[in-house]
Structures are given as C-alpha cells and as structure tokens.
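Below is one structure; the comments refer to it alone.
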Amino acid sequence: MTMMKTEDLKLTREWDKTFPKSDRVNHSKVTFVNRYGITLAADMYVPKNADGKLPALAVSGPFGAVKEQSSGLYAQTMAERGFLTIAFDPSFTGESGGQPRYMASPDINTEDFMAAVDFLSLCDLVDPDRIGIIGICGWGGMALNTAALDTRIKATAVMTMYDMTRVNAKGYFDAEDSEEARYAKKAALCAQRIVDYKAGEYALGGGVVDPLPEDAPFFVKDYYDYYKTSRGYHARSLNSNGGWNVIGCESFLNQPILQYSNEIRSAVLIVHGEKAHSCYFSRDAYANMVKDSKYTDNKELMIIPDAVHTDLYDGGGKDAIPFEKLQSFFEEYLK
C-alpha cells in the first residue's frame with residue numbers, strides 16, 4: 001500500500017501579504033499533498049464566530065504569483081463574506097514543495113486544484129458538498145480545466161483568465177499561430193535543455209521586465225505596475241523577480257487544456273475587464289464552454305467596464321473586483 005507523505009515545509013508565520021490583515025477572519029497556515037506527492041502550502045481564512053459546516057473555496061493565481069498577492073486577497077475577502085477559504089501556492093512555487101523549482105505543468109497544476117478539494121473535503125469545518133474554486137489569470141484556465149474534471153466542485157469563478165496553453169502555442173493575440181513559429185519555439189527550448197543540463201541548473205527566463213522600456217506595450221506596463229511596485233511586489237513571486245525557468249512551460253506548447261469545457265455541469269462564472277489585453281481568452285473560453293452544451297443555464301460571462309487585466313488582481317484602486325457578485329454566485333450554487 002502506497003502511503004501519502006507530507007513534506008515538512010518552512011512556512012512564514014508573520015503576516016507578509018500585499019494586503020492588510022482583516023480582523024474579521026482567523027488566519028492560519030495549512031499544507032496538503034497532491035497525487036504526485038508534492039506538498040502544497042496554503043493560507044486558510046475562516047470567518048470569526050462561524051457556526052456549523054461552512055461552504056469552502058480554494059483560490060490560486062495569477063500565473064507566476066504567490067498566495068500573498070492576489071489569491072490571498074480574494075481568499076480573505078471571501079472569508080469575510082462567510083466562506084472558509086484557502087489560497088495556495090501551486091507546485092514548484094512559493095512556499096509549496098516540488099523540485100526542481102519554477103516549473104509549470106497543465107496536468108500537475110490542474111491536480112493542485114483537485115488536491116485542494118481533497119483537503120477541503122476532509123476539513124472538519126467544511127461541508128464537503130459545498131466546495132467551489134476561484135482561479136485568477138493563468139490559474140483561471142487551470143480552474144476551468146479542473147471544473148471539467150472534478151465532479152465534486154459545485155461552482156467555479158474564473159477571473160481575468162489566461163489560457164496558458166494557447167498563449168504558449170500561439171503567442172499573444174494568436175500572432176504566432178503557425179507551424180513555423182511553434183517549431184522555432186520548440187527548437188529553442190530543446191537547445192536550452194542541453195545548456196541547462198551542461199550547467200547542472202535551470203536558467204531563469206526573467207520575470208516582468210525591469211527597468212520598463214519607454215516603448216513597452218500597455219499590457220507589459222500593466223504587469224509592471226502590479227508586480228514591480230509596492231502595489232503587488234512580493235519576494236517569493238516569480239513575476240516580481242527572476243520568473244519561471246526558460247523551459248518551465250515547455251509542455252504547454254503541446255497540451256491544450258479546456259478540451260471538454262462544454263461538458264461542465266457545475267456552475268461557472270467567467271469575469272474579465274473590458275479593456276484587458278487578455279479579454280479574448282475569456283470571451284472565447286465562454287463561447288467554447290457553452291457551444292453544443294446541455295449545461296448553459298448556470299454559465300455566465302461578466303465583463304467589467306473600463307477594467308484592465310491587473311484591475312482584477314487587487315481592484316486597481318477602483319474596486320474593480322465584483323466581490324458582491326462572487327458572493328451571490330457562490331451562495332446560490334453552494335447551497
């Protein structure tokens with residue numbers, strides 16, 4: 001019999017988030033293991049004076065962020081609104097385990113969400129029949145992919161979503177969608193593998209560009225404004241620092257997610273900013289999810305007027321995150 005073993009992780013005990021600590025919730029650190037044996041670290045937020053078994057939410061993202069940033073803000077705020085929540089670091093990142101560091105995988109990162117559902121299902125404070133998930137940016141795509149696989153999930157919210165397989169295989173705005181462009185990317189990554197193997201270590205690809213070039217496109221400036229300033233910088237965030245390994249997302253070139261999204265029976269809310277460079281991911285994901293689907297009554301696409309991509313990370317200074325909508329959505333479908 002194969003036993004699940006949890007790795008001892010070094011977890012920061014002091015408050016080191018990019019957002020203020022709420023006096024309306026209790027905060028603690030928890031760990032759980034995924035089916036690959038990787039131990040994940042999470043912050044748990046529990047409403048004070050909670051009574052009985054609670055509805056629960058697992059939150060993660062953005063891609064290259066850590067739980068001390070956007071996902072923690074979502075988790076704490078939803079806990080203030082009556083949900084037990086965890087914000088977790090995906091495998092190979094943040095305080096979570098997994099070697100080598102700074103790798104990503106469509107399969108393992110989908111599994112990270114499923115492992116979070118495992119943990120919540122066995123938590124004494126949680127009603128296992130009332131579990132939902134929230135995915136932000138690249139983990140929005142992972143959340144939607146998880147909803148297509150995990151029948152225990154009753155509701156999923158996808159915020160400012162990226163489909164990381166699509167952007168890796170086709171480039172931003174599908175501008176590199178050709179066999180020739182993909183071949184060039186694959187050849188470069190394969191060459192990098194040899195460089196890394198010779199060096200005995202993995203080269204980092206670099207996080208958000210710094211210093212910011214004057215001619216940088218708006219979406220790069222948008223990322224810089226969050227990850228490289230006091231607004232969202234965190235010492236463990238890949239995007240705030242050295243980034244993923246150069247070959248960290250290699251398999252995304254060859255493994256599309258969301259293959260069976262139109263078979264999702266549970267509720268899904270997709271939220272995106274109207275002016276976000278990435279809005280096409282959510283518009284297309286929603287269209288594909290409801291196309292030829294028998295389960296459209298509980299699916300919704302919500303576009304936030306005037307909001308850009310990172311406005312849904314932390315509100316962007318204009319309260320862009322529709323927390324009231326998230327609360328009503330999860331209250332309805334986690335009854």
Side-chain angles (χ1 to χ4, degrees), residues 36 38 61-65 90-94 96 98-112 135 137-142 144-145 148 161-224 227-228 237-261 276-282 284-285 288 309:
Y36 290 99
I38 299 170
F63 195 82
S91 294
F92 312 113
T93 67
S96 287
Q99 293 290 337
R101 306 301 290 166
Y102 313 142
M103 293 293 184
S105 160
D107 181 22
I108 295 175
N109 297 143
T110 298
E111 163 60 21
D112 288 342
C137 185
W139 258 260
M142 299 301 176
L144 193 56
N145 200 49
M161 174 197 146
Y162 257 60
D163 178 342
M164 293 307 301
T165 55
R166 179 176 175 180
V167 75
N168 274 274
K170 300 182 179 182
Y172 284 99
F173 316 111
D174 297 341
E176 300 168 354
D177 186 14
S178 69
E179 185 272 338
E180 292 81 5
R182 276 185 287 277
Y183 185 86
K185 290 182 186 179
K186 290 182 279 189
L189 289 169
C190 288
Q192 183 65 45
R193 294 177 70 100
I194 300 302
V195 172
D196 290 348
Y197 204 86
K198 284 181 178 178
E201 61 183 8
Y202 294 99
L204 294 176
V208 174
V209 63
D210 188 15
L212 185 68
E214 290 185 7
D215 61 349
F218 173 75
F219 73 92
V220 175
K221 295 178 180 178
D222 189 25
Y223 284 133
Y224 183 94
Y227 287 109
K228 290 293 190 175
S237 169
L238 281 68
N239 293 341
S240 291
N241 297 283
W244 298 90
N245 295 331
V246 175
I247 67 166
C249 299
E250 186 174 19
S251 66
F252 284 74
L253 276 164
N254 206 38
Q255 297 183 30
I257 56 176
L258 311 183
Q259 186 71 27
Y260 299 106
S261 63
H277 71 279
S278 50
C279 193
Y280 69 101
F281 288 120
S282 283
D284 289 354
N288 291 332
H309 185 82

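Residue indices begin at 1 and follow the sequence shown.
- Put simply, the side chain of K228 gets close to the backbone of S240: a donor and an acceptor are under 3.5 Å apart.
- Considering CD of Q255 and OG1 of T110, their distance stands at 10.0 Å, rounded to 0.5 Å.
- How far CZ of R193 is from CG of N245: 11.5 Å, rounded to the nearest 0.5 Å.
- With salt bridges taken as basic N to acidic carboxylate O contacts below 4.0 Å, none links K186 and E250.
- Below 30°, between 30° and 60°, or above 60°: for F173 and H277 the angle between ring planes is above 60°, a perpendicular geometry.
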message: Checking F252 against V167 for the side-chain contact (heavy atoms from CB on, under 4.5 Å) test, could you report, in this order, the C-alpha distance in whole Å, the side-chain angles of both residues, the deciding distance, and whether it holds?
response: CA-CA 9 Å; F252 284 74; V167 75; over 6 Å; no
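- Note that OH of Y36 and CG of D112 are 10.0 Å apart. Values are rounded to the nearest 0.5 Å.
- Between the CZ atom of F281 and the OH atom of Y172 there is a distance of 7.5 Å, given to the nearest 0.5 Å.
- The number of heavy atoms from other shown groups lying within 6.0 Å of OH (Y202) does not exceed 12.
- Considering all non-hydrogen atoms of both residues, A285 and L258 come closest at CB-CD1, 4.5 Å.
- Contact annotation: the side chain of L212 approaches that of K221 to within less than 4.5 Å [non-hydrogen atoms, C-beta and beyond].
- Among the candidates K185, R166, K170, the single residue satisfying the salt bridge (charged side-chain N to carboxylate O under 4.0 Å, His left out) test with E176 is K185.
- Closest approach of H309 to C137, counting heavy atoms only: NE2-SG, 3.5 Å.
- Pairing each heavy atom of G64 with each of W244, the nearest pair is N-CZ2, 3.5 Å.
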query: After noting the C-alpha distance and the side-chain angles of L204 and V246, does the key distance pass the side-chain contact (heavy atoms from CB on, under 4.5 Å) rule?
result: CA-CA 5 Å; L204 294 176; V246 175; 6.0 Å; no
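- Under the 3.5 Å distance criterion, with hydrogens and angles disregarded, no donor-acceptor pair is assigned to the side chains of S261 and N288.
- Distance CG/L189 to CG/L253: 6.0 Å, rounded to 0.5 Å.
- Contact record, P90 with T93: O-OG1, 2.8 Å, taken as the closest heavy-atom pair.
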- prompt: Under the side-chain contact (heavy atoms from CB on, under 4.5 Å) criterion, do W139 and Y162 qualify, and how do the steps go?
  reply: CA-CA 7 Å; W139 258 260; Y162 257 60; over 6 Å; no
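- Between the CE atom of M164 and the OG atom of S105 there is a distance of 12.5 Å, given to the nearest 0.5 Å.
- Around CG of N254, the count of heavy atoms belonging to other residues, nucleotides or ligands within 6.0 Å does not exceed 12.
- The two atoms that bring S237 and A65 nearest to each other are OG-CA, 3.9 Å, heavy atoms only.
- Distance alone, capped at 3.5 Å, places no donor-acceptor pair between the S282 side chain and the C279 backbone.
- Between Y223 and Y227, the two ring planes are tilted [angle within 30° to 60°].
- Nearest heavy atoms, G248 versus M103: CA-SD, 3.6 Å.
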- prompt: Does the pair F92 and I38 meet the rule for a side-chain contact (heavy atoms from CB on, under 4.5 Å), with working shown?
  reply: CA-CA 8 Å; F92 312 113; I38 299 170; 3.7 Å; yes
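- Counting only N and O atoms by type, the side chains of D163 and T165 include a donor and acceptor under 3.5 Å apart.
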